[in-house]
Amino acid sequence: MPLRSAPLPRMAGHLSFMRSQSKEICDVKSGDLVVIGLPFEDTNAPHAGQSLASRALRETSVYFGWHANPQFSHPVDIDARESIQTDGLHERLCDLGDIPIGDDKKSHDLLKKVTRQINHIGACAILLGGSNQMSDTVQSSLPKSQKVQLGGILRNENDFHIAPMQSDFNKICKLNMSEQFNNFSQWRDSSKPLFVQFDLSVFETSLSVLCDQPRLGGCNLDTVTKWLSVIGKQKVSAIMLTGLNPDRPGMGVIKVGQRLMVTSLLAFIYSRLGFESDPKTQIQRKM
Amino acid sequence: MIANTNTAHASLVQPGYRLFNEQFCDVSEVNSGQIGVVGMPSDWTHSSRLGTRFGPEALRKATTLMQSMRPQNGSFDPDTQYRTLPAVGWLVDCGDAEITADNVDATTQSIAAMTEELTVGGAIPLALGGDHYNSFPACLGYSRGLSKRAPNSNFGYIQIDGHLDFSDRLGAWGTHNHATNARRISELPNVNVSNMVWVGITGWVDSGELALIEGQGGRVFSANDVHEMGAEEVMRQALAHAMQGCDELYLSIDIDAMDAGYLPGTGSIVHSGITPRKYYDMLDGLSDAPLGGLDIVEVSPPLDPSERTEFLAAEMLFRILRKFRTQTEVSL
């Protein structure tokens, strides 16, 4: 007798970020994390495919949807030997779906309106790009906001840059991180909204490969994770993921870019939700 | 001019590649002490990204090509500082087990029958996956064979992997799939969980499974442990733990413990930070271990158009099988 029947597709069913609840904007509450997809194609990009990023990020995030799967016990981060608290996550993480594509002006207006509304409610928008062309739209919906940028092209010196792609792009990766965290604390004005742009190019190219802006001397996963954990302790109005092209020529089957981004984004989500590291949750090694 | 064209070409190695370009023969003809290769071209027990059914053929091709680039006469091994000669007749390829795609039980018994016969005869089964579930039938056959060859022997178990694979069941895929192979192995009669060791585990794991392993005396070394303690020290401790009261080691090599930035052609990628060099250092740490059987799994050529994954995996075999494939000549 066969031990089991044929396999079922893992990605079946409604695809939401980390298997979170689908909600309407009117149901969003203060403190929620609100996922929105931005499936836009940047026609200036060297390769087509950025519009597939939001779907790719959602697909990869399903692996971390443990909070919605009663089959599993709570997860442990085996590298840190720390219990991961997932209670309450399902109530506070939700997915609004994608901004509709078509008319550019309408799309930008809608993105601006939704981001402003989420900020007004006191929630945090998690915007799944794609193209970084929409980041100005997001920032313009958050008046007088400060911007933290991980990776990407350096455009405004008033922003706080983490491993930007410029002549000094190695600087922050190689400096003492605690010193950099202090610099960040001093730069941050908590009276202003905070916008975070998280570009895949923050990572070393040998790890990310699916980025249209390849680089040497980028960060490793651990460094980015630590940064996003620190940033997540701030009252962030919006974080926008950019730079992922899951369909770079010949590499549509390779999933490393989205996995890197989602894995490190988890640190932001947990930090933002206030799931602080608790010594009581440390898992002791049994020798 | 056509008349000047050189038509003397080296003969092709077709049909089909054999691992390390060594000889092909039936499992019943493998001699004691030889490595006997069993292909397990099945990915029906993977829950998401398929393609590992092409793994055995890719490993055969990659090891053959890499073998052809290595000197056949005496060569200098910069890692050991020894001059070595290639061994003769150290490995035979027994072909693939029969895979019945919609019947896991039949596939399990087919693979197990081959590795059992090899083990009973004193050979060392080397099983080529396939998804990681196939490690269970390979080890099942080894376990059965060991209980016939040495009835009172127990074996130690080391799994290099990004994941524990210790679930009792996985949703719709039930009890026999790529997330349960280590659990099923732990239920075999001649292995104790206290002799089971995992190395390279990273990211999120199920707390219940971790507690079950460590509560029974098993050990888990994370990727972070490899970074902090060093590959050599981790493998020294892993081997010591696995071999307590045991005579032989069964080694399961899941290639996905390597960081996906280097090795993307596998079903369940992780970002462990483990580089190829670090992975090979781990295998070097086991190259003198008393191997009774081993497998290498999760090579999925369709998921890596660059083909580097199968070559990285082939090098893993070169490393772990060093003492079998070379004769040490002189130290320099």
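Lettering follows sequence order; numbering is per chain, from 1. Being a predicted model, the structure only gives us computed values, none of them experimental.
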Asker: Go through the atoms of A:D77 and report whether side chain, backbone, both or neither lie under 4.5 Å from a heavy atom of chain B.
Answerer: both
Asker: Between B:L164, B:T107, B:I201, who has the most heavy-atom pairs with chain A when the cutoff is under 4.5 Å?
Answerer: B:I201
Asker: Quick check for you: among A:L207, A:I78, A:T205, A:L260, which has the greatest number of heavy-atom pairs under 4.5 Å with chain B?
Answerer: A:I78
Asker: How would you list all residue pairs meeting salt bridge (charged side-chain N to carboxylate O under 4.0 Å, His left out) that involve residues 261-271 of chain B, not counting sequence neighbours?
Answerer: none
Asker: Would you mind checking which part of A:F203 comes under 4.5 Å of any heavy atom in chain B, side chain (CB onward), backbone (N, CA, C, O), both or neither?
Answerer: neither
Asker: For chain B, which of A:T263, A:V256, A:V209, A:L266 has the most heavy-atom pairs under 4.5 Å?
Answerer: A:V256
Asker: Between B:P302, B:G261, B:G273, B:G265, which has the largest tally of heavy atom pairs under 4.5 Å with chain A?
Answerer: B:G261
Asker: Determine the sole option in B:D161, B:V299, B:I160, B:D295 for which the side-chain contact (heavy atoms from CB on, under 4.5 Å) test with B:D254 is passed.
Answerer: B:D161
Asker: Can we say A:R81 and B:E228 salt-bridge, meaning some charged N sits less than 4.0 Å from an Asp/Glu carboxylate O?
Answerer: no
Asker: Strictly below 4.0 Å, N to O, side chains only: are A:R55 and A:E59 in salt-bridge contact?
Answerer: yes
Asker: Can you list every pair that meets salt bridge (charged side-chain N to carboxylate O under 4.0 Å, His left out) and has a residue in residues 265-282 of chain B, with sequence neighbours left out?
Answerer: B:R277-B:D281
